[in-house]
Engineer: 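Quick one: the structure is below, and I'll ask about it shortly.
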Amino acid sequence: MSEPLLAFLYFFILLTAFVAVFLDDLLSSFISLSVTGVLMATVFALLRAPDVALTQAIINSGLITSLLLVAYSHTRRTPLPSGPCTACPSWLRWPLAALICFLLAVLLFRGMYSLAGERALETASTHFLAETLRETGALNVVAAILLDYRAFDTLGETTVIFAAVAGISLLLSGGKHVRSRQGLSFIVKRGMALLTPFLLLYAASILFLGHLTPGGGFQGGSVFATVAILICVVYGTGFDASRVSSKSKETLEVGGALLFVFIGLLGAAWGGGFLANLKGPFFPGTPGSLFSGGNMLFLNLAVGLKVGAGLSSIFYVMIKILEQEGEQ
Amino acid sequence: MILFALWGMVISGMIGFVRVVTGPSAADRLVAADALSVIFTMLLVLLSLYIETPFLLDVALAFAMLSFADMLLMAKYFEHGELYK
Amino acid sequence: MIIMSFATVAILFSLGLFTILVQRNAFKTVIGLTLMESAVLLLFISWAYIPEGWAPILPLKGSGVDPLPHALTLTAIVIGACDLALAFAFIMKLNGFEKTVDVDSFRRLKG
Amino acid sequence: MMPLLRFLGSVCILAGVFFSFAAVVAILRFPDVYTRLHGGTKALSGGALLILLGSMPYAGSSLGALKLLLIAVFFLISNPMASHAIARACHRRTLFKNFSHFSSETPIEGESMRE
């Protein structure tokens, strides 16, 4: 296996992390943060985890960097904080913190070093790898774990997203709906008109093939939200609000959650317990085909609706604040 | 041979990162970020050939799209900011 | 090979903590938070790696890698991204009040 | 037939890596933003295209080759657009503050001019 390549990637991650922390200019620390995220995705791919690599690549550059840039351009006019720290003398703050963190690093490494025994598959993982095709009909073992063996946990995760979306729209609400026509230049608008259907098609393919190839509800929903951001950015928020109004985004989001719970109740009504897959009314189908994972396809659709609508409403609220500030 | 190409892309990624750090103005950092996103997509493509898992091509395409979205976001919302020293 | 990833995890985690302790800019605190979170993800995945393993997609060419930590990491990434989005919203709101991004000035806000 | 394709593919990949390396060095060494943008994006698009086309015979299945072609098409559309957006943002921002040798051309009256 390529040990030196992995070692160099680890070194590159640490380098970008140091730059992201110690550089005063905010833009370069954001870019180095997104480079750290991409290198993380590359390392995950090298460590044979394509599902996690896809999620990390999408969430890091689709969600974290975009939100960071929007929040940063909102605070562009405020001066950067500098000068002596008011709480405690700065000579005490730097060396003390450095000492504490160095000790923490040594302790962490010591603890992990003692646990780094010979790695073998535990009983649970061997069961998953062996039985997934028979018990759930899905090919992607990680999606099978997420959507069939631990589907209730995924329901909890979608409620976390629901709480985050509600919190953000509550925090940044207020202010009239801005109908700004101010978008990017003409070439980018025509180009986006050419490109948007293919982006949506690719997002749908990630969403619906979640149980066969790496992908699933969250990743597909995030790509849908990114397309929503692109439309907001390129054509201006007025264009986006008139196409998919925020009311319909909320109904889509709540609809996704209700679909998830309905599928669970359907399994329970069939006598197989809440969110039961093959014990419930769903059939496994031929292993490689689209309708093969029992209720996984519909669960992915529900999660995708929820995440896509939720994240795009987050972006719309944040970009609306930006447009308002631009108007004054 | 593909490992050599992988090493080439990682080193060019490192050099591109130097421009992100030393770029005098935000515009240079934008340019370097655009170049880095292309280089890391190529890194993911070559990686998917090197370890023979064809699923990483989805990761590369998804990452290419999303970094393109970030470029447009940066280009737009930095117009009214201090972009060029 | 596992030792390298453990060293990276330890350094990344303590670097994130150092950023939160020292930096005064609210954005740097969020960057420190992101670094700590990705360090934990790296720990999960490097623990799940088995030297001659293949990706856990079923027509397995050989012995599979441990799929359980992958599922946990997926949940961790999504939830981590959600609370970062909330952190950005807080920064935008606080910047609306205080007109600055300095963490010390946020302390004066009471209630 | 396949070894010939793989040989041609490896030549394309190495050429692509060389072009990417040249593009990155161009970004590092050129004097100001516009030349860096010009050099970086053009050579990098060429390098990326060469790597993608060169790695088609190495892709496992024909589906993999189709995905590589998809990525190449996406690059052909999105890369020029991204660099256009950056150049335009930079151009409208500077409004010739620092460029004496440019002709006194008035800035482009795009519909979204706000200053």
Side-chain angles (χ1 to χ4, degrees), chain A residues 3 7 10 13-14 17 20-21 26 29 33 40 44 47-52 55-56 59 63-64 67 71 74-75 78 80-81 85-87 93-94 97 101 104-105 108-109 112-113 116 119 121 124-125 128-129 132-133 139-142 145-146 157 160-161 164 167-168 171-172 218 314 321, chain C residues 1-15 17-19 21-22 24-25 27 31 34-35 38 41-42 45-46 49-51 53-58 64-68 70-71 73-75 77-79 81-86 88-89 91-93 95 99-102 104:
Chain A
E3 304 297 335
Y10 282 142
I13 287 179
L14 287 179
V21 166
L26 276 180
S29 43
L33 187 72
M40 275 298 177
F44 289 158
L47 292 175
R48 300 303 192 273
D51 227 294
V52 185
T55 316
Q56 169 76 10
I59 297 257
L63 188 67
I64 293 180
L67 281 183
H74 175 67
T75 64
T78 56
L80 283 179
C85 133
T86 53
R93 201 166 175 179
W94 276 84
C101 294
L104 178 73
L108 276 178
F109 184 70
M112 284 186 277
Y113 186 76
R119 288 292 300 118
L121 273 178
S125 315
F128 282 139
L129 283 176
T132 303
L133 194 56
L139 294 183
N140 185 351
V141 179
V142 177
I145 293 177
L146 267 181
E157 193 179 326
V160 166
I161 295 176
I168 289 174
L171 258 175
L172 299 179
F218 299 108
I314 287 181
I321 294 273
Chain C
M1 203 278 293
I2 288 280
I3 309 302
M4 265 192 306
S5 46
F6 287 161
T8 321
V9 165
I11 296 173
L12 262 180
F13 194 84
S14 50
L15 187 68
L17 189 64
F18 180 77
T19 323
L21 287 180
V22 169
R24 295 177 47 193
N25 192 338
F27 281 112
I31 287 180
T34 319
L35 287 183
S38 45
L41 299 183
L42 189 60
I45 295 294
S46 58
Y49 177 70
I50 294 170
W54 284 90
I57 312 291
L58 257 192
V65 171
D66 187 351
L68 199 55
H70 296 186
T73 321
L74 264 172
T75 324
I77 290 180
V78 172
I79 295 185
C82 277
D83 77 56
L84 284 179
L86 209 58
F88 296 137
I91 290 178
M92 283 175 91
K93 194 68 181 175
N95 178 52
K99 272 293 162 273
T100 168
V101 196
D102 188 348
D104 293 345

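Every chain is numbered from 1 and lettered A, B, ... according to where its sequence line falls, protein lines coming before strand lines. Everything numeric in this text was worked out from a predicted model, so none of it was measured. FYI, side chains are in, hydrogens and waters are out, and symmetry mates aren't considered; it's all heavy atoms of this structure.
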Engineer: Calculate, to the nearest 0.5 Å, the distance between atoms CD and OG belonging to Gln56(A) and Ser38(C) respectively.
Structural biologist: 7.0 Å
Engineer: Give the member of Thr34(C), Asp83(C), Leu17(C), Leu74(C) that has the highest number of heavy-atom pairs under 4.5 Å with chain A.
Structural biologist: Leu74(C)
Engineer: Checking Val22(C) now: which residues fulfil side chain to side chain contact (heavy atoms under 4.5 Å, CB included) with it, not counting sequence neighbours?
Structural biologist: Trp94(A), Ala97(A), Phe18(C)
Engineer: Using every non-hydrogen atom in the two residues, find where Met4(C) and Ala7(A) come nearest and quote the distance to one decimal.
Structural biologist: SD-CB, 3.3 Å
Engineer: Who wins among Val160(A), Leu33(A), Ile314(A) for the most heavy-atom pairs under 4.5 Å with chain C?
Structural biologist: Leu33(A)
Engineer: To the closest 0.5 Å, what do you measure between CG (Leu47(A)) and NE2 (His70(C))?
Structural biologist: 8.0 Å
Engineer: Please flag which part of Met40(A) lies under 4.5 Å from any non-hydrogen atom of chain C: side chain, backbone, both or neither.
Structural biologist: side chain
Engineer: Among Ala105(A), Pro50(A), Ala164(A), Gly167(A), which residue forms the greatest number of heavy-atom pairs with chain C at distances under 4.5 Å?
Structural biologist: Ala105(A)
Engineer: Mind ranking Thr75(C), Val9(C), Ile3(C), Leu21(C) by heavy-atom pairs under 4.5 Å with chain A and telling me who comes out on top?
Structural biologist: Thr75(C)
Engineer: Ignoring hydrogens, what is the shortest heavy-atom contact between Phe6(C) and Phe109(A)? Give both atom names and the distance.
Structural biologist: C-CD1, 4.0 Å
Engineer: Using a cut-off of under 4.5 Å for heavy-atom pairs, which of Ile59(A), Val52(A), Leu108(A), Leu104(A) has the most such pairs with chain C?
Structural biologist: Val52(A)
Engineer: Using heavy-atom distances under 4.5 Å, tell me whether Leu84(C) contacts chain A through its side chain, its backbone, both, or neither.
Structural biologist: side chain
Engineer: Between CG of Leu172(A) and CZ of Phe88(C), what distance do you get to the nearest 0.5 Å?
Structural biologist: 12.5 Å
Engineer: Ala81(C) and Leu63(A): which non-hydrogen atoms are nearest, and at how many Å?
Structural biologist: CB-CD2, 3.4 Å
Engineer: So how far is it from Asp51(A) CG to Ile77(C) CD1, rounded to the nearest 0.5 Å?
Structural biologist: 9.5 Å
Engineer: Is it the side chain or the backbone of Tyr10(A) that comes within 4.5 Å of chain C heavy atoms, both, or neither?
Structural biologist: both
Engineer: Go through Leu42(C), Ile79(C), Leu68(C), Leu35(C) and name the one with the most non-hydrogen pairs under 4.5 angstrom from chain A.
Structural biologist: Leu42(C)
Engineer: Tell me, please, which residues at least two apart from Thr19(C) pass side chain to side chain contact (heavy atoms under 4.5 Å, CB included).
Structural biologist: Val21(A), Gln23(C), Lys28(C)
Engineer: Pick one of side chain, backbone, both or neither for Leu171(A), based on which atoms fall under 4.5 Å of a heavy atom in chain C.
Structural biologist: both
Engineer: Relative to chain C, which segment of Ile161(A) carries a heavy atom at a distance below 4.5 Å: side chain, backbone, both, or neither?
Structural biologist: both
Engineer: Within this structure, what is the OG-CD1 distance for the pair Ser29(A) and Ile31(C), rounded to the nearest 0.5 Å?
Structural biologist: 4.0 Å
Engineer: With a 4.5 angstrom heavy-atom cut-off, which part of Ile64(A) approaches chain C: side chain, backbone, both or neither?
Structural biologist: both
Engineer: Using heavy-atom distances under 4.5 Å, tell me whether Thr73(C) contacts chain A through its side chain, its backbone, both, or neither.
Structural biologist: side chain
